[in-house]
Amino acid sequence: MSNPIDIELEKLAQLQEELAKKVILPAPEQEMYLPQQNDILLTLDIQYVEEKAFVAGDWQYLNGQHITTQVDICKVGLAYFPAYFCFREGPPLLEFLQKAIQAGLPTPNVIIVDGHGQAHPRKFGVASWLGVYSDLPCVGCAKDTLVWYQKELLSNEKNSIVPIKLPNETEIIGYALRSQTNVKPIFVSNAHKISLAQSLTIIQNVIGQYRIPLPLRRADFACRRASQTGKSDKEWKFLFD
DNA sequence: GCGACAG
DNA sequence: ATCTTGTCGC
Ligand SMILES: [Mg+2]
């Protein structure tokens with residue numbers, strides 16, 4: 001007897017397959033995102049307090065110059081199920097992005113999302129979801145992988161990578177990246193309107209001193225702090241100024 | 001059946 | 001993700 005949740009997840013899996021058709025994944029030779037010095041990178045993360053999503057967005061130039069980190073409270077999507085994360089975290093990310101742009105913040109040239117792009121069983125992670133709904137170049141950067149990879153091929157030196165592929169397939173859909181020497185890897189994949197190679201370059205460019213890329217750390221700290229103090233309802237809070 | 005399982 | 005204390009190490 002199948003559980004109602006399984007029936008719902010089956011439908012959501014079909015929806016992911018449909019939405020995945022709208023994703024644009026350029027090969028390196030047909031790159032759609034060519035970074036410019038003055039381009040703006042937006043990095044997003046969320047902390048949850050019950051059914052409220054404290055979303056943080058970190059704006060910086062690709063050259064590393066920080067612009068601002070802001071937090072807003074958004075509505076949570078569905079409950080969390082592994083591999084269906086996009087339906088939980090995608091909607092509040094889009095809400096944040098739309099409100100931010102409406103509030104006069106710069107539209108980013110590229111976005112980093114805390115989760116996967118195409119490194120997903122149906123090639124449709126939360127970064128893919130945001131890519132489809134925003135139509136902006138999106139990169140996924142996660143702390144763990146959903147898809148098996150050959151751990152033993154990853155050497156201990158910083159910048160070592162191992163390709164990630166779906167079972168029985170040859171296409172590379174992401175990389176395990178050793179962001180610091182002798183530290184657990186992170187997982188990078190392209191999501192929309194950007195190649196995998198360019199996605200990896202962007203992440204490597206913003207790593208900084210720790211395992212988690214600097215802008216993702218700033219976003220993480222910002223929404224963590226906001227969720228603990230319960231602030232930032234409608235007003236934009238300027239942090240790290 | 002067993003293990004693995006983004007945030 | 002959240003619930004939670006101390007403790008070890010750079
Ligand atoms: Mg997160």
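Since the model is a prediction, treat every value here as computed from it, not as a measurement. Naming convention: chains lettered A, B, ... in sequence-line order (proteins, then strands); numbering from 1 in each chain.
- The line from CZ of Phe124(A) to NE2 of His192(A) is 10.0 Å long, rounded to the nearest 0.5 Å.
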Run the side-chain contact (heavy atoms from CB on, under 4.5 Å) test on Asp58(A) and His66(A) for me, step by step, so that the C-alpha distance in whole Å, both residues' side-chain angles and the decisive distance to 0.1 Å come before the verdict. CA-CA 8 Å; Asp58(A) 180 89; His66(A) 183 230; 3.0 Å; yes

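- Atom-to-atom distance recorded for Ile203(A):CD1 and Thr43(A):OG1 is 7.5 Å, nearest 0.5 angstrom.
- A salt bridge does not link Glu169(A) to Lys123(A): none of the charged side-chain nitrogens sits closer than 4.0 Å to a carboxylate oxygen.
- Within the 3.5 Å criterion, the main-chain N or O of Tyr210(A) finds a donor-acceptor partner in the side chain of Gln180(A).
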With 3.5 Å as the limit, what N/O pairs link the protein to nucleotides 3-7 of chain B?
{"from": "dA6(B)", "atom 1": "OP2", "to": "Tyr80(A)", "atom 2": "OH", "distance (Å)": "2.3"}
{"from": "dA6(B)", "atom 1": "O4'", "to": "His116(A)", "atom 2": "NE2", "distance (Å)": "3.4"}
{"from": "dA6(B)", "atom 1": "N7", "to": "Ala83(A)", "atom 2": "N", "distance (Å)": "3.2"}
{"from": "dA6(B)", "atom 1": "N6", "to": "Phe85(A)", "atom 2": "N", "distance (Å)": "3.2"}
{"from": "dA6(B)", "atom 1": "N1", "to": "Val126(A)", "atom 2": "N", "distance (Å)": "3.1"}
{"from": "dA6(B)", "atom 1": "N3", "to": "His116(A)", "atom 2": "N", "distance (Å)": "3.1"}
{"from": "dG7(B)", "atom 1": "OP1", "to": "Lys143(A)", "atom 2": "N", "distance (Å)": "2.6"}
{"from": "dG7(B)", "atom 1": "O3'", "to": "Asp114(A)", "atom 2": "OD2", "distance (Å)": "3.0"}

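- The one candidate from Arg224(A), Arg218(A), Arg217(A) that meets the side-chain hydrogen bond (donor to acceptor under 3.5 Å, both in side chains) condition with Asp220(A) is Arg224(A).
- Atom CD of Glu31(A) has more than 12 neighbouring heavy atoms from other residues, nucleotides or ligands inside a 6.0 Å radius.
- On the nucleic acid side, DNA chain C contacts chain A at distances under 4.0 Å to non-hydrogen atoms, with the end points of that region at dA1(C) to dT2(C).
- Taking both residues in full, the closest heavy atoms of Leu200(A) and Tyr175(A) are given as CD2-CD1, 3.9 Å, listed atom of the first, atom of the second, then distance.
- Summarising the geometry, atom OG1 belonging to Thr229(A) is positioned 7.5 Å from atom CZ belonging to Phe54(A); distances are rounded to the nearest 0.5 Å.
- Shortest non-hydrogen contact noted between Gly90(A) and Val126(A) is N-CG2, 3.8 Å.
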Any chance you could encode DNA chain B as dot-bracket? Rule is Watson-Crick or G-U wobble with both distances under 3.5 Å; [ ] for pairs crossing earlier ones, | for another strand. .......

